[in-house]
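See below for the structure under consideration.
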Amino acid sequence: MRKFDLSSNLEYEISLVDNIQEELQSFIDINYSYRKKVFITDEIVDFLYPEFTFLPKKDSYRCVIKPGEQSKSIETYYQIIRFLTSINVDRHDLIIAFGGGVVGDLVGFVASTYMRGIDYIQVPTTLLSMVDSSIGSKTAINTEDGKNLIGTFYNPKAVFIYLKFLDTLSDKEFRNGLAEVIKSAIIRDKELSDLLMSKNVYEKDILEIVIRKSISIKKKIVGCDLRESGERQLLNFGHTIGHAIEKLSDFSVSHGYAVAIGMAMISKAYYKLGAISKETHLRIINILKKYQLPVSCEYNEEQIYQEVLKDKKNNGDKINLVYPKEIGCAVIDCVSRKDLKNIISVACR
Ligand SMILES: NC(=O)c1ccc[n+]([C@@H]2O[C@H](COP(=O)([O-])OP(=O)(O)OC[C@H]3O[C@@H](n4cnc5c(N)ncnc54)[C@H](O)[C@@H]3O)[C@@H](O)[C@H]2O)c1
(Lines give C-alpha, C1' and ligand atoms only; values in the text may rest on other atoms or scores of the structure.)
Protein backbone atom coordinates (compact mmCIF):
# COMPACT_ATOMS: atom_id res chain seq x y z
CA MET A 1 0.00 0.00 0.00
CA ARG A 2 1.29 3.42 -0.95
CA LYS A 3 1.40 5.88 1.91
CA PHE A 4 2.43 9.08 0.16
CA ASP A 5 3.00 10.04 -3.40
CA LEU A 6 5.68 12.68 -3.26
CA SER A 7 6.21 13.14 -6.97
CA SER A 8 4.23 16.23 -8.18
CA ASN A 9 6.55 18.41 -10.29
CA LEU A 10 9.09 15.70 -11.19
CA GLU A 11 8.71 13.40 -14.15
CA TYR A 12 8.87 10.27 -12.03
CA GLU A 13 7.13 8.87 -9.03
CA ILE A 14 8.65 9.13 -5.54
CA SER A 15 6.61 7.07 -3.12
CA LEU A 16 6.87 6.25 0.54
CA VAL A 17 5.55 2.69 0.59
CA ASP A 18 4.27 0.29 3.25
CA ASN A 19 5.11 -2.89 1.42
CA ILE A 20 8.10 -2.84 -0.89
CA GLN A 21 7.51 -6.32 -2.28
CA GLU A 22 3.97 -5.51 -3.38
CA GLU A 23 5.04 -2.16 -4.77
CA LEU A 24 7.88 -3.60 -6.88
CA GLN A 25 5.68 -6.40 -8.10
CA SER A 26 2.88 -4.07 -9.12
CA PHE A 27 5.32 -1.67 -10.85
CA ILE A 28 6.63 -4.60 -12.88
CA ASP A 29 3.11 -5.92 -13.56
CA ILE A 30 1.93 -2.54 -14.82
CA ASN A 31 5.06 -2.10 -16.93
CA TYR A 32 4.71 -5.65 -18.20
CA SER A 33 6.90 -5.11 -21.24
CA TYR A 34 10.07 -5.32 -19.12
CA ARG A 35 11.61 -8.72 -19.70
CA LYS A 36 14.70 -9.10 -17.54
CA LYS A 37 14.87 -7.42 -14.14
CA VAL A 38 18.40 -6.85 -12.85
CA PHE A 39 18.90 -5.95 -9.18
CA ILE A 40 22.21 -4.26 -8.53
CA THR A 41 23.19 -4.00 -4.91
CA ASP A 42 26.21 -4.13 -2.59
CA GLU A 43 27.39 -7.05 -0.48
CA ILE A 44 26.03 -5.65 2.79
CA VAL A 45 22.53 -4.92 1.48
CA ASP A 46 22.53 -8.24 -0.34
CA PHE A 47 23.43 -10.04 2.89
CA LEU A 48 20.74 -8.21 4.89
CA TYR A 49 17.95 -8.44 2.31
CA PRO A 50 18.62 -11.41 0.02
CA GLU A 51 14.90 -12.03 -0.50
CA PHE A 52 14.34 -8.65 -2.17
CA THR A 53 16.77 -9.18 -4.99
CA PHE A 54 14.81 -12.10 -6.36
CA LEU A 55 11.56 -10.29 -6.68
CA PRO A 56 9.81 -11.22 -8.89
CA LYS A 57 11.56 -14.52 -9.50
CA LYS A 58 10.97 -14.91 -13.21
CA ASP A 59 13.73 -13.39 -15.34
CA SER A 60 15.32 -11.83 -12.26
CA TYR A 61 19.08 -11.36 -12.01
CA ARG A 62 21.35 -10.06 -9.32
CA CYS A 63 24.67 -8.24 -9.54
CA VAL A 64 26.49 -7.61 -6.26
CA ILE A 65 29.30 -5.08 -5.89
CA LYS A 66 31.66 -4.27 -3.02
CA PRO A 67 30.23 -1.74 -0.54
CA GLY A 68 31.70 1.73 -0.12
CA GLU A 69 32.65 4.85 -2.03
CA GLN A 70 35.56 3.06 -3.77
CA SER A 71 32.94 1.25 -5.87
CA LYS A 72 31.89 4.50 -7.55
CA SER A 73 34.69 3.81 -10.00
CA ILE A 74 35.23 3.19 -13.68
CA GLU A 75 36.29 -0.39 -12.82
CA THR A 76 33.02 -1.26 -11.03
CA TYR A 77 31.07 0.53 -13.76
CA TYR A 78 32.73 -1.70 -16.34
CA GLN A 79 32.21 -4.80 -14.19
CA ILE A 80 28.44 -4.10 -14.21
CA ILE A 81 28.37 -3.39 -17.95
CA ARG A 82 30.10 -6.75 -18.56
CA PHE A 83 27.55 -8.46 -16.33
CA LEU A 84 24.66 -6.89 -18.27
CA THR A 85 26.09 -7.96 -21.61
CA SER A 86 26.80 -11.47 -20.28
CA ILE A 87 23.07 -11.97 -19.64
CA ASN A 88 22.04 -10.14 -22.83
CA VAL A 89 20.24 -7.25 -21.17
CA ASP A 90 18.73 -4.90 -23.74
CA ARG A 91 16.59 -1.77 -23.80
CA HIS A 92 13.43 -3.74 -23.00
CA ASP A 93 14.79 -4.66 -19.60
CA LEU A 94 14.83 -2.95 -16.22
CA ILE A 95 17.62 -2.22 -13.73
CA ILE A 96 16.87 -1.79 -10.04
CA ALA A 97 19.37 0.18 -7.94
CA PHE A 98 18.97 -1.38 -4.52
CA GLY A 99 21.20 0.23 -1.89
CA GLY A 100 22.60 3.48 -0.60
CA GLY A 101 23.86 6.50 -2.52
CA VAL A 102 26.89 4.68 -3.86
CA VAL A 103 24.77 2.02 -5.56
CA GLY A 104 22.24 4.67 -6.66
CA ASP A 105 24.80 7.01 -8.25
CA LEU A 106 26.74 4.20 -9.93
CA VAL A 107 23.72 2.26 -11.18
CA GLY A 108 22.09 5.46 -12.43
CA PHE A 109 25.22 6.11 -14.47
CA VAL A 110 25.18 2.56 -15.81
CA ALA A 111 21.49 2.91 -16.74
CA SER A 112 22.07 6.24 -18.48
CA THR A 113 24.90 4.93 -20.66
CA TYR A 114 24.22 1.23 -21.26
CA MET A 115 22.89 0.96 -24.83
CA ARG A 116 22.43 4.75 -24.73
CA GLY A 117 19.98 4.49 -21.85
CA ILE A 118 17.90 1.79 -20.21
CA ASP A 119 15.07 2.12 -17.68
CA TYR A 120 15.92 1.93 -13.99
CA ILE A 121 14.27 2.45 -10.64
CA GLN A 122 15.75 3.45 -7.31
CA VAL A 123 15.11 1.58 -4.07
CA PRO A 124 17.23 3.55 -1.57
CA THR A 125 18.19 1.78 1.65
CA THR A 126 20.12 4.43 3.63
CA LEU A 127 18.71 7.62 5.13
CA LEU A 128 21.02 9.69 2.92
CA SER A 129 19.84 7.98 -0.25
CA MET A 130 16.17 8.28 0.77
CA VAL A 131 16.25 12.01 1.44
CA ASP A 132 18.86 13.06 -1.05
CA SER A 133 20.75 10.97 -3.58
CA SER A 134 17.83 9.00 -5.04
CA ILE A 135 16.03 12.25 -5.87
CA GLY A 136 17.17 14.69 -8.50
CA SER A 137 18.46 12.46 -11.30
CA LYS A 138 22.18 12.99 -10.76
CA THR A 139 24.32 9.94 -11.53
CA ALA A 140 28.06 9.73 -11.04
CA ILE A 141 31.32 7.91 -10.63
CA ASN A 142 34.58 9.26 -9.21
CA THR A 143 38.05 9.43 -10.74
CA GLU A 144 41.47 9.82 -9.08
CA ASP A 145 41.13 13.54 -9.72
CA GLY A 146 37.84 14.14 -8.01
CA LYS A 147 34.44 13.11 -6.82
CA ASN A 148 31.56 12.70 -9.25
CA LEU A 149 33.73 13.87 -12.14
CA ILE A 150 31.96 11.58 -14.60
CA GLY A 151 28.20 11.57 -14.60
CA THR A 152 24.89 12.38 -16.18
CA PHE A 153 21.44 13.73 -15.39
CA TYR A 154 19.12 10.78 -15.93
CA ASN A 155 15.65 10.21 -14.52
CA PRO A 156 14.75 6.93 -12.88
CA LYS A 157 11.28 5.59 -13.75
CA ALA A 158 10.35 5.58 -10.05
CA VAL A 159 11.76 5.87 -6.52
CA PHE A 160 10.33 3.61 -3.81
CA ILE A 161 11.14 4.54 -0.22
CA TYR A 162 10.60 1.86 2.40
CA LEU A 163 11.46 3.13 5.88
CA LYS A 164 11.89 -0.34 7.41
CA PHE A 165 15.24 -0.63 5.62
CA LEU A 166 16.50 1.92 8.14
CA ASP A 167 16.05 -0.60 10.98
CA THR A 168 19.34 -2.28 10.04
CA LEU A 169 21.30 0.91 9.38
CA SER A 170 24.10 1.64 11.87
CA ASP A 171 23.79 4.78 13.98
CA LYS A 172 26.86 6.19 12.21
CA GLU A 173 25.24 5.77 8.78
CA PHE A 174 21.97 7.16 10.13
CA ARG A 175 23.73 10.32 11.30
CA ASN A 176 25.52 10.48 7.96
CA GLY A 177 22.08 10.89 6.37
CA LEU A 178 20.93 13.33 9.02
CA ALA A 179 23.63 15.73 7.83
CA GLU A 180 21.76 16.12 4.51
CA VAL A 181 18.45 16.50 6.38
CA ILE A 182 20.02 19.28 8.47
CA LYS A 183 21.35 20.89 5.29
CA SER A 184 17.87 20.96 3.75
CA ALA A 185 16.45 22.52 6.92
CA ILE A 186 19.13 25.20 7.06
CA ILE A 187 18.81 26.23 3.43
CA ARG A 188 15.02 26.16 3.10
CA ASP A 189 12.95 25.23 6.14
CA LYS A 190 13.23 26.90 9.53
CA GLU A 191 10.31 24.82 10.83
CA LEU A 192 12.20 21.62 10.04
CA SER A 193 15.27 22.99 11.79
CA ASP A 194 13.14 23.77 14.89
CA LEU A 195 11.72 20.26 14.77
CA LEU A 196 15.22 18.76 14.56
CA MET A 197 16.27 20.81 17.59
CA SER A 198 13.19 20.20 19.73
CA LYS A 199 12.23 16.60 18.93
CA ASN A 200 13.87 13.23 18.82
CA VAL A 201 14.26 12.00 15.24
CA TYR A 202 14.90 8.50 16.53
CA GLU A 203 11.14 8.32 17.23
CA LYS A 204 9.43 6.66 14.29
CA ASP A 205 6.66 9.22 13.81
CA ILE A 206 9.04 12.17 13.97
CA LEU A 207 11.44 10.46 11.58
CA GLU A 208 8.71 9.97 9.03
CA ILE A 209 7.75 13.65 9.19
CA VAL A 210 11.39 14.66 8.89
CA ILE A 211 11.95 12.40 5.88
CA ARG A 212 8.81 13.63 4.12
CA LYS A 213 9.78 17.27 4.69
CA SER A 214 13.34 16.68 3.46
CA ILE A 215 12.15 14.94 0.32
CA SER A 216 9.70 17.77 -0.37
CA ILE A 217 12.46 20.37 -0.10
CA LYS A 218 14.77 18.49 -2.46
CA LYS A 219 11.96 17.71 -4.88
CA LYS A 220 10.81 21.34 -5.00
CA ILE A 221 14.31 22.65 -5.61
CA VAL A 222 15.31 20.15 -8.29
CA GLY A 223 11.86 20.35 -9.91
CA CYS A 224 12.57 23.99 -10.80
CA ASP A 225 16.22 23.58 -11.76
CA LEU A 226 17.22 20.07 -12.82
CA ARG A 227 20.54 21.07 -14.37
CA GLU A 228 21.77 23.15 -11.45
CA SER A 229 21.92 26.51 -13.17
CA GLY A 230 20.30 28.42 -10.31
CA GLU A 231 18.33 27.44 -7.22
CA ARG A 232 19.64 23.84 -7.16
CA GLN A 233 23.07 25.15 -6.27
CA LEU A 234 21.68 25.87 -2.79
CA LEU A 235 21.79 22.12 -2.17
CA ASN A 236 25.57 22.43 -2.32
CA PHE A 237 25.67 24.13 1.09
CA GLY A 238 28.60 22.50 2.89
CA HIS A 239 29.51 20.44 -0.18
CA THR A 240 32.37 22.48 -1.68
CA ILE A 241 34.50 22.05 1.43
CA GLY A 242 32.81 18.70 2.16
CA HIS A 243 33.92 17.16 -1.13
CA ALA A 244 37.46 18.43 -0.53
CA ILE A 245 37.49 16.74 2.89
CA GLU A 246 36.13 13.46 1.51
CA LYS A 247 38.87 13.46 -1.12
CA LEU A 248 41.65 14.49 1.29
CA SER A 249 40.64 11.66 3.64
CA ASP A 250 40.63 9.19 0.74
CA PHE A 251 36.92 8.77 1.52
CA SER A 252 37.48 7.56 5.08
CA VAL A 253 35.34 10.58 6.09
CA SER A 254 31.92 9.74 4.68
CA HIS A 255 29.82 12.12 2.60
CA GLY A 256 27.41 13.30 5.31
CA TYR A 257 30.14 13.83 7.91
CA ALA A 258 32.23 15.79 5.41
CA VAL A 259 29.20 17.94 4.50
CA ALA A 260 28.58 18.58 8.21
CA ILE A 261 32.16 19.88 8.57
CA GLY A 262 31.70 21.93 5.39
CA MET A 263 28.50 23.54 6.72
CA ALA A 264 30.12 24.34 10.07
CA MET A 265 33.22 25.85 8.44
CA ILE A 266 31.32 27.98 5.93
CA SER A 267 28.98 29.26 8.59
CA LYS A 268 31.92 30.09 10.87
CA ALA A 269 33.68 32.00 8.08
CA TYR A 270 30.61 34.01 7.04
CA TYR A 271 29.85 34.78 10.70
CA LYS A 272 33.42 36.00 11.30
CA LEU A 273 33.25 38.04 8.10
CA GLY A 274 30.04 39.72 9.33
CA ALA A 275 27.60 38.20 6.78
CA ILE A 276 25.53 36.16 9.24
CA SER A 277 24.52 36.61 12.86
CA LYS A 278 26.11 34.83 15.79
CA GLU A 279 22.70 33.31 16.53
CA THR A 280 22.45 31.73 13.07
CA HIS A 281 26.00 30.42 13.28
CA LEU A 282 25.42 28.94 16.74
CA ARG A 283 22.13 27.36 15.67
CA ILE A 284 23.98 25.51 12.88
CA ILE A 285 26.76 24.33 15.20
CA ASN A 286 24.27 23.27 17.89
CA ILE A 287 22.10 21.27 15.55
CA LEU A 288 25.15 19.43 14.16
CA LYS A 289 26.44 18.78 17.68
CA LYS A 290 23.03 17.55 18.83
CA TYR A 291 23.33 14.76 16.26
CA GLN A 292 27.00 14.14 17.06
CA LEU A 293 28.20 15.31 13.68
CA PRO A 294 31.72 16.76 13.34
CA VAL A 295 32.21 20.53 13.02
CA SER A 296 35.94 20.70 12.26
CA CYS A 297 38.65 18.68 10.56
CA GLU A 298 42.37 17.96 10.71
CA TYR A 299 43.24 19.42 7.28
CA ASN A 300 44.89 22.81 6.97
CA GLU A 301 43.71 25.77 4.90
CA GLU A 302 46.17 25.17 2.05
CA GLN A 303 45.17 21.52 1.64
CA ILE A 304 41.47 22.41 1.59
CA TYR A 305 41.99 25.36 -0.75
CA GLN A 306 43.97 23.29 -3.27
CA GLU A 307 41.32 20.55 -3.25
CA VAL A 308 38.42 23.03 -3.61
CA LEU A 309 40.11 24.49 -6.71
CA LYS A 310 39.59 21.10 -8.39
CA ASP A 311 35.82 21.15 -7.78
CA LYS A 312 33.95 20.51 -11.01
CA LYS A 313 31.40 23.17 -10.08
CA ASN A 314 33.97 25.94 -10.31
CA ASN A 315 33.28 28.45 -13.03
CA GLY A 316 36.66 29.50 -14.38
CA ASP A 317 38.20 31.70 -11.72
CA LYS A 318 34.94 31.99 -9.79
CA ILE A 319 33.54 29.64 -7.18
CA ASN A 320 29.93 29.64 -5.99
CA LEU A 321 29.70 29.23 -2.23
CA VAL A 322 26.38 28.76 -0.45
CA TYR A 323 25.75 30.22 2.99
CA PRO A 324 22.58 30.76 5.05
CA LYS A 325 21.78 34.46 5.58
CA GLU A 326 19.47 33.07 8.24
CA ILE A 327 18.03 29.65 9.00
CA GLY A 328 15.76 28.63 6.13
CA CYS A 329 17.18 31.19 3.72
CA ALA A 330 20.43 30.32 1.97
CA VAL A 331 22.04 32.38 -0.77
CA ILE A 332 24.80 31.92 -3.34
CA ASP A 333 27.98 33.96 -3.08
CA CYS A 334 30.12 34.00 -6.23
CA VAL A 335 33.70 34.51 -5.00
CA SER A 336 37.11 34.94 -6.59
CA ARG A 337 39.99 32.58 -5.82
CA LYS A 338 41.49 35.24 -3.56
CA ASP A 339 38.25 35.57 -1.58
CA LEU A 340 37.92 31.79 -1.42
CA LYS A 341 41.40 31.52 0.09
CA ASN A 342 40.48 34.12 2.69
CA ILE A 343 37.15 32.42 3.52
CA ILE A 344 38.85 29.04 4.00
CA SER A 345 41.56 30.65 6.06
CA VAL A 346 39.01 32.31 8.39
CA ALA A 347 37.08 29.03 8.63
CA CYS A 348 40.23 27.13 9.66
CA ARG A 349 41.27 29.56 12.39
N1 LIG B 1 23.14 11.88 -6.65
C2 LIG B 1 23.02 12.78 -5.71
O3 LIG B 1 22.31 13.78 -5.87
C4 LIG B 1 23.76 12.60 -4.41
C5 LIG B 1 23.43 13.39 -3.29
C6 LIG B 1 24.08 13.14 -2.08
C7 LIG B 1 25.03 12.13 -2.01
N8 LIG B 1 25.32 11.40 -3.11
C9 LIG B 1 26.31 10.31 -3.04
O10 LIG B 1 25.79 9.29 -2.17
C11 LIG B 1 26.91 8.54 -1.69
C12 LIG B 1 26.73 8.25 -0.22
O13 LIG B 1 25.57 7.50 -0.03
P14 LIG B 1 25.33 6.67 1.31
O15 LIG B 1 25.64 7.53 2.47
O16 LIG B 1 24.01 6.05 1.21
O17 LIG B 1 26.52 5.61 1.28
P18 LIG B 1 26.63 4.07 0.87
O19 LIG B 1 25.81 3.77 -0.32
O20 LIG B 1 28.07 3.77 0.81
O21 LIG B 1 25.97 3.32 2.12
C22 LIG B 1 26.63 3.40 3.36
C23 LIG B 1 26.83 2.00 3.98
O24 LIG B 1 25.57 1.52 4.44
C25 LIG B 1 25.35 0.19 3.96
N26 LIG B 1 23.90 0.02 3.86
C27 LIG B 1 23.08 0.45 2.87
N28 LIG B 1 21.80 0.21 3.22
C29 LIG B 1 21.81 -0.40 4.43
C30 LIG B 1 20.80 -0.86 5.31
N31 LIG B 1 19.49 -0.72 5.02
N32 LIG B 1 21.17 -1.43 6.48
C33 LIG B 1 22.49 -1.55 6.80
N34 LIG B 1 23.50 -1.10 6.02
C35 LIG B 1 23.15 -0.53 4.85
C36 LIG B 1 26.11 0.14 2.66
O37 LIG B 1 26.43 -1.20 2.33
C38 LIG B 1 27.35 0.97 3.00
O39 LIG B 1 28.29 0.17 3.65
C40 LIG B 1 28.15 9.34 -2.00
O41 LIG B 1 28.84 8.75 -3.07
C42 LIG B 1 27.61 10.69 -2.42
O43 LIG B 1 28.45 11.34 -3.34
C44 LIG B 1 24.70 11.61 -4.30
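The first residue of the sequence shown is numbered 1, and numbering continues consecutively from there. Note that ligands are numbered from 1 as they come in the structure, with each ligand's atoms numbered from 1 the same way.
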Is ligand 1 under 4.0 Å from a heavy atom in the side chain of [X], in the backbone, in both, or in neither?
{"X": "Leu166", "result": "neither"}
{"X": "Lys72", "result": "side chain"}
{"X": "Thr125", "result": "both"}
{"X": "Asp105", "result": "side chain"}

Provide, to 0.1 Å, the distance between [atom] and the closest protein heavy atom, together with that atom's residue and name.
{"atom": "atom 10 (O) of ligand 1", "result": "Gly101 CA, 3.4 Å"}
{"atom": "atom 35 (C) of ligand 1", "result": "Leu169 CD1, 3.6 Å"}
{"atom": "atom 18 (P) of ligand 1", "result": "Val102 CG2, 3.9 Å"}
{"atom": "atom 25 (C) of ligand 1", "result": "Ile44 CG2, 4.3 Å"}
{"atom": "atom 27 (C) of ligand 1", "result": "Thr126 CG2, 3.3 Å"}
{"atom": "atom 3 (O) of ligand 1", "result": "Lys218 NZ, 3.5 Å"}
{"atom": "atom 38 (C) of ligand 1", "result": "Asp42 OD2, 4.1 Å"}
{"atom": "atom 8 (N) of ligand 1", "result": "Ser133 CB, 3.6 Å"}

Worksheet item: Counting from 1, what ligand 1 atoms have a heavy atom of Asn176 closer than 4.0 Å?
Response: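 Answer, ordered by atom number: 15 (O).
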Fill in: Atoms in ligand 1 with a heavy atom of Glu69 nearer than 4.0 Å
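Matching atoms, with element in brackets: 40 (C), 41 (O).
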Verify the distance criterion only: is there a donor paired with an acceptor across the side chains of [X] and [Y] at less than 3.5 Å?
{"X": "His243", "Y": "Glu307", "value": "no"}
{"X": "Arg188", "Y": "Ser184", "value": "no"}
{"X": "Gln25", "Y": "Asp29", "value": "yes"}
{"X": "Glu246", "Y": "His239", "value": "no"}
{"X": "Asn176", "Y": "Ser254", "value": "yes"}
{"X": "Arg62", "Y": "Thr41", "value": "no"}
{"X": "Asp119", "Y": "Tyr34", "value": "yes"}
{"X": "Thr113", "Y": "Tyr77", "value": "yes"}
{"X": "Gln79", "Y": "Glu75", "value": "no"}

[X] N/O under 3.5 Å from ligand 1 N/O:
{"X": "Ser129", "result": "no"}
{"X": "Ser170", "result": "no"}
{"X": "Gly99", "result": "no"}
{"X": "Asp132", "result": "no"}
{"X": "Val45", "result": "no"}

Item to complete: Check the pair Lys183 / Asp132 against salt bridge (Lys or Arg N to Asp or Glu O under 4.0 Å), numbers first and verdict last.
Response: CA-CA 10 Å; Lys183 175 202 75 182; Asp132 196 355; 3.6 Å; yes
Fill in: From the candidates His243, His255, Lys147, the one that places a heavy atom nearest atom 43 (O) of ligand 1
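Answer by nearest heavy atom: Lys147.
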Worksheet item: If hydrogens are left out, which of Thr168, Val222, Ile65, Leu127 has an atom nearest to atom 30 (C) of ligand 1, that is, the closest non-hydrogen atom?
Response: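 Ranked by closest heavy atom to atom 30 (C) of ligand 1, first place is Thr168.
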Item to complete: Report yes if the distance between the aromatic ring centroids of Phe98 and Phe165 is under 6.0 Å, otherwise no.
Response: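 Under 6.0 Å, so yes.
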Discussion item. Centre-to-centre under 6.0 Å for Phe109 and Tyr154, is that the case here?
Written reply: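 Centroid distance Phe109-Tyr154: not below 6.0 Å, so no.
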Practice prompt. For the pair Asp90 and Arg35, evaluate salt bridge (Lys or Arg N to Asp or Glu O under 4.0 Å) and give the outcome as yes or no after the intermediate values.
Written response: CA-CA 9 Å; Asp90 66 28; Arg35 289 195 294 243; 3.1 Å; yes
